[in-house]
Amino acid sequence: MNHKLTVYNSMTREKEIFTPIHEGFVGMYVCGPTVYNDVHLGNCRTFVSFDVIFRYLKHLGFKVRYLRNITDVGHLLDDGEDRMLKGAKADQMEPMEVAQKYTLGFHQIMQIFNTLPPSIEPRATGHIPEQIEMVETIIKNGYGYEVNGSVYFDTLAFAERTGEYGKLSGRVIDELMAESRTLKNQDEKKHPSDFAIWMKAAPEHIMKWNSPWSVGFPGWHLECSAMSTKYLGQQFDIHGGGNDLKFPHHENEIAQNVGSCGCQPARYWLHTNMLLLNSKKMSKSDGNTISPTELFTGESVHMTKPYSPMAVKFFMLQCHYRSTLDLTDEALQAAEKGYKRLMEALRKLKKLEAPQTAGAMDAEINSLVEGIYEDMNDDFSTPKALGTIFELVTKINILSDNGTEGQISAEVLNRLKTTLIAIIGDVFGLLDEGEGDNQGTALNGLMSLILDLRQAARTNKDWPTSDKIRDGLASLKIQVKDGKDGSSWSFQ
RNA sequence: GGUCUCGUGGCCGAGCGGCUAGGCAGAGGUCUGCAAAACCUUCCACAGCGGUUCGAAUCCGCUCGAGACCUCCA
């Protein structure tokens, strides 16, 4: 198969053919969470998106090194620091305990969404020497200056000498100057758009390290530059993150990389768009927010019922990663049903028997299967791919009802099975939550016994018994489905 | 105020100049002891007003509306 993968590069604002630096290998860096709080559902969308990208690249045969960092220092500043101190005092916790707690919580949610762990998950606090080293190089190259034990990145010098500052976010330095008037604590900086790469710690600051300049801590953007360089090299293929990180985070990251090694860190910048709740940005202050757990339990004023992790994931995949996605109760209900329909079809597909004859539907099915790859190759368009997959779902249902003989050749059926199982399972990472067959032999044996008894009752037209079994199971959230060839069951 | 996105049928959401997206809901049908489920078929659209073009949801302009970013932010 000829796969011509294109990706939308935020840097050039164009779709480009994806060509890795080293053939067959992909280095990908994605900005991970700051672990001072429960993971935000919007975070989950970003990481689910990049998980699919990671999985698809692997599916295409690339050897991928996927880095996603844990920010456990740097962002715990300013008003965040106050909350941390308060929280730490109340719970009698060390900052690292707080970081550990929320890192574990984050991993748990990521696992519930069935995302793969990254190849490397480095922590900012574990890379202080690398960050100090980078600050030294930046100073040596003339892009950094020290004031009172803090070191700032000289954006003006950088912009003048390289012309690179503001390229990603489409900003120019004059505007930055104009808009920075209202900001406080600018007195140490030469230029308002300069940013700290090393901060001298105030005495009450908890997390601090020795450095050539002061006892302090690294600046907000430095960890990503230092860690991506360490594990992926000075230049790598993909850098990802949420749309809201473009400025200042990614802009400053680029400045640091170019300022220390003279080269752009990433060839392709990929940014995911925001997740909205009821058409508005999620915000804790006005109550417009929902956590993954609240979504799974249904304990939220925004939802009428709980939604399973896979239904939520399916909902996310129905939208392109570069579009805003509006989370509403109604939309989730629709997604949940769509997800169930897809899983049902996948189950049917697995049971289809290989036919002896050539098939009338071969050409159509082949072109749809090929279409899935075209969709995914178009900047990882999961919504388009799902559209194509649902066209195949109809075909599968027809094959399942009418038999495969004469409709599809063994070769095409095999290709259909292999591709769909791979795309839905391995690439999308969608698990079948409703499948009754994989719950263990005791349960299966029990259920088939119960359904046999009910079938006997039905054959004798003993409707009260038959209905009692059906209704009793329903109250246990087990749904009995009467079909042409007997009954089956699944969890609701 | 500056920068930038986006407005598609009842809801969500693809589409990037000509060809059915898809999901959910609705309608009709199949199956069925009843019901549910499932399956098949199908209706409904491009915010408004101009312009470019043989042809526009798709390009350009304006109007209205929504949202994001502007050193906490996925």
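Side chains are part of it too, since the values below use all heavy atoms of this structure and drop only hydrogens, waters and symmetry mates. Per chain, numbering begins at 1; letters A, B, ... match sequence-line order.
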Would you mind building the protein contact string for nucleotides 41-46 of chain B? One character per nucleotide, 5' to 3', B for base within reach (heavy atoms under 4.0 Å), S for sugar-phosphate only, - for untouched. S-----
Residues in salt bridge (Lys or Arg N to Asp or Glu O under 4.0 Å) contact with [X], at least two apart in sequence or another chain:
| X | value |
| --- | --- |
| R68(A) | E121(A) |
| E391(A) | none |
| D378(A) | K15(A), K384(A) |
| K167(A) | E164(A) |

Would you tell me if any nitrogen or oxygen in the side chain of [X] comes within less than 4.0 Å of OP1 or OP2 on [N]?
| X | N | value |
| --- | --- | --- |
| R13(A) | C4(B) | no |
| K384(A) | G22(B) | no |
| K281(A) | C69(B) | yes |
| N43(A) | C73(B) | no |

Sticking with atom [atom1], work out how far [N] lies from [M], rounded to a whole angstrom.
| N | M | atom1 | answer |
| --- | --- | --- | --- |
| G22(B) | C60(B) | C1' | 31 Å |
| C44(B) | G9(B) | C1' | 5 Å |
| A21(B) | A45(B) | C1' | 13 Å |
| U53(B) | G61(B) | C1' | 16 Å |
| C59(B) | G7(B) | P | 10 Å |
| G18(B) | G55(B) | P | 15 Å |

Among residues at least two apart in sequence or on other chains, which ones pass side chain to side chain contact (heavy atoms under 4.5 Å, CB included) with [X]?
| X | result |
| --- | --- |
| T382(A) | V52(A), L317(A), M376(A), F428(A) |
| H250(A) | C31(A), L168(A), H239(A), L245(A), E253(A), W269(A), H271(A) |
| Q108(A) | none |

What is the separation between atom [atom1] on [X] and atom [atom2] on [N], rounded to the nearest whole Å?
| X | N | atom1 | atom2 | value |
| --- | --- | --- | --- | --- |
| N243(A) | C70(B) | CG | C1' | 13 Å |
| D244(A) | U5(B) | CG | P | 17 Å |
| D379(A) | A14(B) | CG | C1' | 13 Å |
| L349(A) | A38(B) | CG | C1' | 17 Å |
| M282(A) | C73(B) | CE | C1' | 13 Å |
| L245(A) | C69(B) | CG | C1' | 11 Å |
| L342(A) | G23(B) | CG | P | 11 Å |
| K340(A) | C24(B) | NZ | P | 12 Å |

Under 4.0 Å, heavy atom to any atom of RNA chain B: which of residues 315-325 of chain A qualify?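 Nucleic-acid contacts, sorted: F315(A), Q318(A), C319(A), H320(A), S323(A), T324(A), L325(A).
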Students often get this wrong, so: under 4.0 angstrom with heavy atoms, is S400(A) touching a base, only sugar-phosphate, or nothing? nothing
Within the structure shown, what part of the strands sits under 4.0 Å from K348(A) by heavy-atom distance: base, sugar-phosphate, or nothing?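 Sugar-phosphate contact only - K348(A) comes under 4.0 Å of backbone atoms but never of a base.
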Please figure out whether L327(A) or T388(A) has its closest RNA chain B nucleotide nearer the 5' end. L327(A)
Which residue lies toward the 5' end of RNA chain B, G241(A) or N397(A), if each is placed at its nearest nucleotide?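 Upstream on the strand: N397(A).
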F153(A)/F158(A) aromatic ring centres below 6.0 Å: yes
Aromatic ring proximity Y268(A)/F18(A), centre distance under 6.0 Å: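 Yes, the ring centres sit under 6.0 Å apart.
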Any strand counts, and the cut-off is 3.5 Å on both contacts for Watson-Crick or G-U wobble. Which nucleotide pairs with [N]?
| N | value |
| --- | --- |
| C16(B) | none |
| G1(B) | C70(B) |
| U42(B) | G26(B) |
| A47(B) | U63(B) |
| G55(B) | none |

Of all the nucleotides listed (U71(B), C12(B), C39(B)), which has the minimum atom distance to the side chain of D401(A)?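 Within the option list, the nearest is C39(B).
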Closest to the F390(A) side chain: G23(B), C39(B), U71(B)? G23(B)
Donor on one side chain, acceptor on other, T155(A) and S193(A), under 3.5 Å: yes
Would you list the pairs meeting salt bridge (charged side-chain N to carboxylate O under 4.0 Å, His left out) in which at least one residue belongs to residues 304-327 of chain A, sequence neighbours left out? K305(A)-E336(A), R322(A)-D379(A)
Which residue pairs pass the salt bridge (charged side-chain N to carboxylate O under 4.0 Å, His left out) test when at least one of the two sits in residues 467-477 of chain A, sequence neighbours left out?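 Pairs touching residues 467-477 of chain A that pass the test: D467(A)-R470(A).
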Quick one: which protein N/O atoms are closer than 3.5 Å to N/O atoms of nucleotides 30-34 of chain B? Pair and distance per line, please.
{"unit_1": "G33(B)", "atom_1": "O6", "unit_2": "S466(A)", "atom_2": "OG", "d": "3.0"}
{"unit_1": "G33(B)", "atom_1": "N1", "unit_2": "D467(A)", "atom_2": "OD1", "d": "3.1"}
{"unit_1": "G33(B)", "atom_1": "N2", "unit_2": "D467(A)", "atom_2": "OD2", "d": "3.1"}
{"unit_1": "C34(B)", "atom_1": "N3", "unit_2": "R470(A)", "atom_2": "NH2", "d": "2.5"}
{"unit_1": "C34(B)", "atom_1": "N4", "unit_2": "R470(A)", "atom_2": "NH2", "d": "3.1"}

Hey, is E364(A) close enough to K395(A) for a salt bridge, meaning N to O under 4.0 Å?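 Looking at K395(A) together with E364(A), the answer is yes, because their closest N to O distance falls below 4.0 Å.
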Lys/Arg N to Asp/Glu carboxylate O, D462(A) vs R458(A), below 4.0 Å: no
